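Data block below; observations after.
Convention: sequence-line order gives letters A, B, ...; per-chain numbering from 1. All figures in this text were calculated on a predicted structure; none of them were measured in a lab.
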Number of protein chains: 2
Amino acid sequence: MTSIDDVARAAGVSIATVSRALRGLPNVSDATRSRVKTVADELGYVASAGASGLASGRTLTMGVVVPSVSRWFYQMALEGIDEELRRANYDMMLFNLAARKGDRERVFHRSILRKRTDALIALCLEFTPSEREQLLSLGHPTIVIGGPVKGIRHIGIDERATARAATQHLITLGHRRIAHVGGDDDEGLNRRVPLDRRRGFRDAMEAAGLAVRPEWLLSGRFSLAPSRAVVNEMLASAERPTAIVANSDEMAIGAIMAAHDSGLQVPGDLSVIGIDNHDLAESFGLTTMAQDPFEQGALGARILLDDLGGIVPPRRTSVTAPSHLIVRTSTAPPIH
Amino acid sequence: MTSIDDVARAAGVSIATVSRALRGLPNVSDATRSRVKTVADELGYVASAGASGLASGRTLTMGVVVPSVSRWFYQMALEGIDEELRRANYDMMLFNLAARKGDRERVFHRSILRKRTDALIALCLEFTPSEREQLLSLGHPTIVIGGPVKGIRHIGIDERATARAATQHLITLGHRRIAHVGGDDDEGLNRRVPLDRRRGFRDAMEAAGLAVRPEWLLSGRFSLAPSRAVVNEMLASAERPTAIVANSDEMAIGAIMAAHDSGLQVPGDLSVIGIDNHDLAESFGLTTMAQDPFEQGALGARILLDDLGGIVPPRRTSVTAPSHLIVRTSTAPPIH
DNA sequence: TTGAAAGCGTTACCAC
DNA sequence: GTGGTAACGCTTTCAA
């Protein structure tokens, strides 16, 4: 509750000087500055964020919109964003949509627009036209991580090429009967991601002249248990694939577990490849197309902070993040 | 950028009236209120959080301090907190310590104290005396979730009793040679949690007159891979336990995987029980002592919001959250 | 029911 | 190098 006046009085200077001294601005004598700092410390004074935001127009806060906080990709991206923010002394305001359609309106309208953030970073979201308009009308730097959104710059891997490379890996090993575990994501998330990945799968199959069988296009709802279930079902039929491409590592692990459920060996009877390089991938020996959401998040934050810094002109272009193959023990040539 | 004056002007009323109308305060005629609302909507006006915080003293923001965002417990608690906050129209400021000792000072001093939050909720943290003092001097409602902290109310399960119950389950099944996978957590987290759980293990063993062998007290560093490694090592020795109690489900899953690595059957050759009821527990058929961090987080938030509401006198007591046994397929009587 | 005006705690500009 | 003083955009009393 001690405010700037208290410090000014105790240090025998004006509040203007206190403000300058504490923020490291020039035109304060060393003697004064150190006295002010000491006094402020003793009094436990810290400037009120709200007041300085009002006066300066900068809140030193970044808004982060996430669809949920309980998925690997978002966690990693969050940590990456956080890493950059703390470096710049920025705080983070977290807006969790929690996949609740109804709350989006609230978040977009009431919270985000309340001028309490200097910039906004959104993870893997799809926006309605009205939402996008609100964002843009806000006028502050914005970036999307995870999936391309029309009219907003974004950071993300080339989804299609990544899925193609995953599929290609299996084809190169000699597989010809390959299934795909994809599936729509929750509503409101970026639907292009699963679609693009499936398209990449198709690309590779067609390029190799292999058939894409409709009954081998599964939906694993982006998580382990559903994936395990559908893969188990597929493995029960007369004819089964020798390999599986999954849209995410969690689903790939579900596929591996399904193989075990069905008494099949991985990679002996079934090869499995995922996308992500999830924390658990190594433990399961999962071959995967690795991406680095931590770094994607960090880069996004860095770009926004640069924009805010105003030193360099804001970059208007999107960034394609790298992905690369990590071969472990879940893939091998098929046994003929 | 449109501010209250714009609305006032456009609606032909004073800013005071706009403020009252928009916030649903009494003493505004229906006609006026609806006109103001319409105008505000058209202009896309939303009150500035900073300004209203300054004027009213309430920021409508809750601070949440987490050690990291990538562990199941924290994720769930965060989602629970978030659920309550949105209900009360509160926003969330996330302070991620990310286990970096050095940043704690920054978080505690610069950020948290900046009067930008009305209340604070901390997850599984241990505080230095100075940190605790700063928190308390802030004077706003605070609560800890996860581990007891001296002088601050908290919400959490009875760690000791929970671990005791887990061990008891194995003993009841007939096990006599039981190992424990515990291990210190990262620095700065609440160290009482792992200690109390190990103590609970000891309690149950001693009560049953069973020996606690030092070489069967393992450290799995609270995650899957390290746990798997140490358990593998243990299983390689001549004499091995018939059952394992792990301090967390992630470590328990590591133990299950280790059993497989070693060619042992679960639960045939080795029973495993965990604590948490992690998302993956069901997929692994893991028997566990379930707790509900989502609910713990939600409750914490609710308590703080109640305090802020000022309707009821703030509750000063801590809350013991429930935990209960869920039997799946990872535990069974030992084969003699 | 409404309006005027005094804060709220800073920052930033302009004098000195 | 330092101090005075308008903003900043609201909320909240007090009068009307």
Provide, to the nearest angstrom, the distance between the [atom1] atom belonging to [X] and the [atom2] atom belonging to [N].
{"X": "B:I15", "N": "D:dT11", "atom1": "CD1", "atom2": "P", "result": "9 Å"}
{"X": "A:L60", "N": "C:dT10", "atom1": "CG", "atom2": "P", "result": "14 Å"}
{"X": "A:K115", "N": "D:dC8", "atom1": "NZ", "atom2": "P", "result": "13 Å"}
{"X": "B:I4", "N": "D:dT12", "atom1": "CD1", "atom2": "C1'", "result": "12 Å"}
{"X": "B:D30", "N": "C:dT1", "atom1": "CG", "atom2": "C1'", "result": "11 Å"}
{"X": "B:R23", "N": "D:dT13", "atom1": "CZ", "atom2": "P", "result": "10 Å"}
{"X": "A:R116", "N": "D:dC8", "atom1": "CZ", "atom2": "P", "result": "21 Å"}
{"X": "B:N27", "N": "C:dT1", "atom1": "CG", "atom2": "P", "result": "6 Å"}

Distance check: side-chain N/O of [X] vs OP1/OP2 of [N], anything under 4.0 Å?
{"X": "A:S19", "N": "C:dT11", "result": "yes"}
{"X": "B:T32", "N": "C:dT1", "result": "no"}
{"X": "B:S29", "N": "C:dT2", "result": "yes"}
{"X": "A:R114", "N": "D:dC10", "result": "no"}
{"X": "B:S14", "N": "C:dG3", "result": "yes"}

If you take atom types as modelled and just measure distance, does the side chain of A:R20 reach the base of D:dG3 with a donor-acceptor pair under 3.5 Å?
yes
Beyond-backbone contact of [X] with [Y], side-chain heavy atoms, under 4.5 angstrom:
{"X": "B:R86", "Y": "B:D82", "result": "yes"}
{"X": "B:F108", "Y": "B:L135", "result": "yes"}
{"X": "A:T38", "Y": "A:E42", "result": "yes"}
{"X": "A:Y90", "Y": "A:L305", "result": "yes"}

Report the nucleotide, chosen from [options], that has the shortest atom-to-atom distance to any side-chain atom of [X].
{"X": "A:A16", "options": "C:dT2, D:dA7, D:dG3", "result": "D:dG3"}
{"X": "A:V28", "options": "D:dT2, C:dT11, D:dC10", "result": "D:dT2"}
{"X": "B:L54", "options": "D:dT12, C:dC8, C:dA12", "result": "C:dC8"}

Between B:R33 and B:A51, name the one whose nearest nucleotide on DNA chain C is closer to the 5' end.
B:R33
Using heavy-atom distances to pick each residue's nearest nucleotide on DNA chain C, tell me which of A:L25 and A:G50 is more 5'.
A:G50
For B:R116 and A:T61, does a side-chain donor sit closer than 3.5 Å to a side-chain acceptor?
yes
Sugar-phosphate, base or nothing in reach of B:R58, heavy atoms under 4.0 Å:
sugar-phosphate
Mind checking if A:A47 touches a base, just sugar-phosphate, or nothing, with heavy atoms under 4.0 Å?
sugar-phosphate
B:T2 and A:K115 have their tightest heavy-atom pair at O-NZ, 3.8 Å
